Amino acid sequence: MDRARATMGPTAGFSLSGYIELTKPITWFPPMWAFGCGLVGSGAALSERLFFIAGGIALAGPLVCGTSQIVNDWYDREVDAINEPDRPIPSGRVPGRNAYYFALAWTALSVILAASLGPWILAAAAVGLALAWAYSAPPLRLKRNGWWGNGAVGLCYEGLPWFTATSVAVAGFPGWPTVALALAYSAGAHGIMTLNDFKALDGDRRFGIRSLPVQLGPDRAARLACWVMAVPQAIVVALLVYWGAPIHAGIVAAILIAQVVLMIKLLTDPRRLAPWYNATGIVLYVSGMMVAAFALRTGAGG
């Protein structure tokens, strides 16, 4: 299939489901969960800020995360035409350059909503949108290198939604303890994304995507992912102890130990077991995020 055909797609009628599919609603959960952590950790009374909370949830999931998915599909349209011809763009359900215009419109809508919620939210949304485009679009196309691409996704999925939620709740800068936890869990998400790359290892090799499993090989990439996930959580435990929240620190430590047990099994056959770990260990990871958020709510770091 030549470039023109891959760009325009076959002729097809309008399909609303195709546009919805481009935003990949299933991917909205991680940033929305992080947003929930930010709300919990803010300690603020939320009943009086329902409009801002609803706007922030829309930003974290459907808009900013949705934009990243639309942009990714647009710039991957030629690869998808070969590997996943039923995707909305190569199948023609979103024909011509409509997906590109959709991405621009969703970006603009995100900026407008963020601006209405205040300067801190606008700043966080601007960073997230910039990374969403940089991840997939030339000339940066961060996804071509696992070191940079995974970092961008981790920040967008965990740190920025957490920061945004607390900013919404307190109507201002959320405080350095919130920033510290958000950054720690963003760093750990780099390892999650590395394990997620295992499912596309063969395709990434074929199309020149230098994911960490491609660059390091499955065994070394899995070991690195485990360290990258574990060390930030250990730092969170230390911070919670320092902030006077030993019970919350103990719970996060127990959750980390459970992950380490799973990691030991993962490393016996990382290529086969990476999907299994993503379905088990990641649940523990995000549970620890919420425990840390509750620690902030009870006054830790204040």
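Just so you know, these numbers come straight off a predicted model, no measurement behind them.
Considering every non-hydrogen atom in both P270 and P218, the closest pair reads CG-O, 3.8 Å. Taking both residues in full, the closest heavy atoms of L240 and A249 are given as CB-CB, 3.7 Å, listed atom of the first, atom of the second, then distance. Across all their heavy atoms, P232 and A184 have their closest contact at CB-O, 3.1 Å. L22 approaches A99 most closely through the heavy-atom pair CD1-CB, 3.9 Å. Considering all non-hydrogen atoms of both residues, I53 and V168 come closest at N-CG1, 3.9 Å. Taking both residues in full, the closest heavy atoms of I209 and V214 are given as O-CG2, 3.7 Å, listed atom of the first, atom of the second, then distance.
M193 places none of its side-chain heavy atoms less than 4.5 Å from the side chain of H190. Looking at L59 and S110, their side chains come closer than 4.5 Å, going by heavy atoms from C-beta outward. A heavy-atom distance below 4.5 Å is not found between the side chains of P31 and V64. At a threshold of 4.5 Å between non-hydrogen side-chain atoms, the residues F173 and T166 do not count as touching. In this structure, R87 and R93 have side chains that are not in contact, with every pair of non-hydrogen atoms separated by 4.5 Å or more. At a threshold of 4.5 Å between non-hydrogen side-chain atoms, the residues F163 and T178 do not count as touching. Looking at L122 and L117, their side chains never come closer than 4.5 Å, going by heavy atoms from C-beta outward. Taking 4.5 Å as the limit, every side-chain heavy atom of R144 sits out of range of all side-chain heavy atoms of R210.
Each ring pair (Phe, Tyr, Trp, His ring centres under 6.0 Å) pair with one or both residues in residues 233-266, not counting sequence neighbours, would appear here, but there are none.
Ring-plane geometry between Y100 and W133 is classed as perpendicular, the angle between the planes exceeding 60 degrees on a 0 to 90 degree scale with a lower cut at 30.
Look at D197 and K143 and you find no salt bridge, because none of the NZ, NE, NH1 or NH2 atoms lies under 4.0 Å from a carboxylate O. Looking at D73 and K24, a side-chain N of the basic residue comes within less than 4.0 Å of a carboxylate O on the acidic one, giving a salt bridge. Comment: D76 engages R141 in a salt bridge, judged by a side-chain N to carboxylate O separation of less than 4.0 angstrom.
For R205, the CZ atom sits in a packed shell: over 12 heavy atoms of surrounding residues, nucleotides or ligands are nearer than 6.0 Å. In the displayed structure, L104 atom CG is contacted under 6.0 Å by more than 12 heavy atoms of other residues, nucleotides or ligands. By the neighbour-count criterion of 12 heavy atoms within 6.0 Å, atom CZ of F51 is sparsely surrounded, having that number or fewer from other residues, nucleotides or ligands. More than 12 heavy atoms of other residues, nucleotides or ligands lie within 6.0 Å of CH2 in W276, so this atom counts as buried by the packing criterion. With a 6.0 Å radius and a threshold of 12 heavy atoms from other residues, nucleotides or ligands, I26 has its CD1 atom at or below the threshold.
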Worksheet item: Checking side-chain contact (heavy atoms from CB on, under 4.5 Å) for the pair I192/Y157: CA distance, chi angles, key distance, verdict?
Response: CA-CA 11 Å; I192 295 174; Y157 274 28; over 6 Å; no
Discussion item. If you apply the rule side-chain contact (heavy atoms from CB on, under 4.5 Å), what do you find for L155 with L160, and how did you get there?
Written reply: CA-CA 6 Å; L155 183 61; L160 284 173; 4.2 Å; yes
Worksheet item: For Q215 and W147, what are the C-alpha separation, side-chain angles and deciding distance, and is it a side-chain contact (heavy atoms from CB on, under 4.5 Å)?
Response: CA-CA 10 Å; Q215 292 188 52; W147 295 106; 3.4 Å; yes
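Donor-acceptor pairing under 3.5 Å is recorded for the side chains of N72 and S136. When only modelled atom types and interatomic distance are considered, N150 and T194 share a side-chain donor-acceptor pair under 3.5 Å.
Although no hydrogens or angles enter the test, the distance criterion places no donor-acceptor pair under 3.5 Å between the side chain of R77 and the main chain of I89. Here the side chain of R220 pairs no donor or acceptor atom with the backbone of G217 at under 3.5 angstrom. W106 places a side-chain N or O within 3.5 Å of a backbone atom of P62 that can act as its donor or acceptor partner. Between the side chain of K265 and the backbone N or O of L262 there is no donor-acceptor pair closer than 3.5 Å.
I235 and Y285 fall within a single hydrophobic cluster, where Ile, Leu, Val, Met, Phe, Trp and Tyr are joined by side-chain heavy atoms under 4.5 Å apart, directly or via other members.
Of the inter-residue distances, the one linking I282 atom CD1 with T280 atom OG1 reads 7.5 Å to the nearest 0.5 angstrom.
Between F35 and W162, the distance from one ring center to the other does not fall under 6.0 angstrom.
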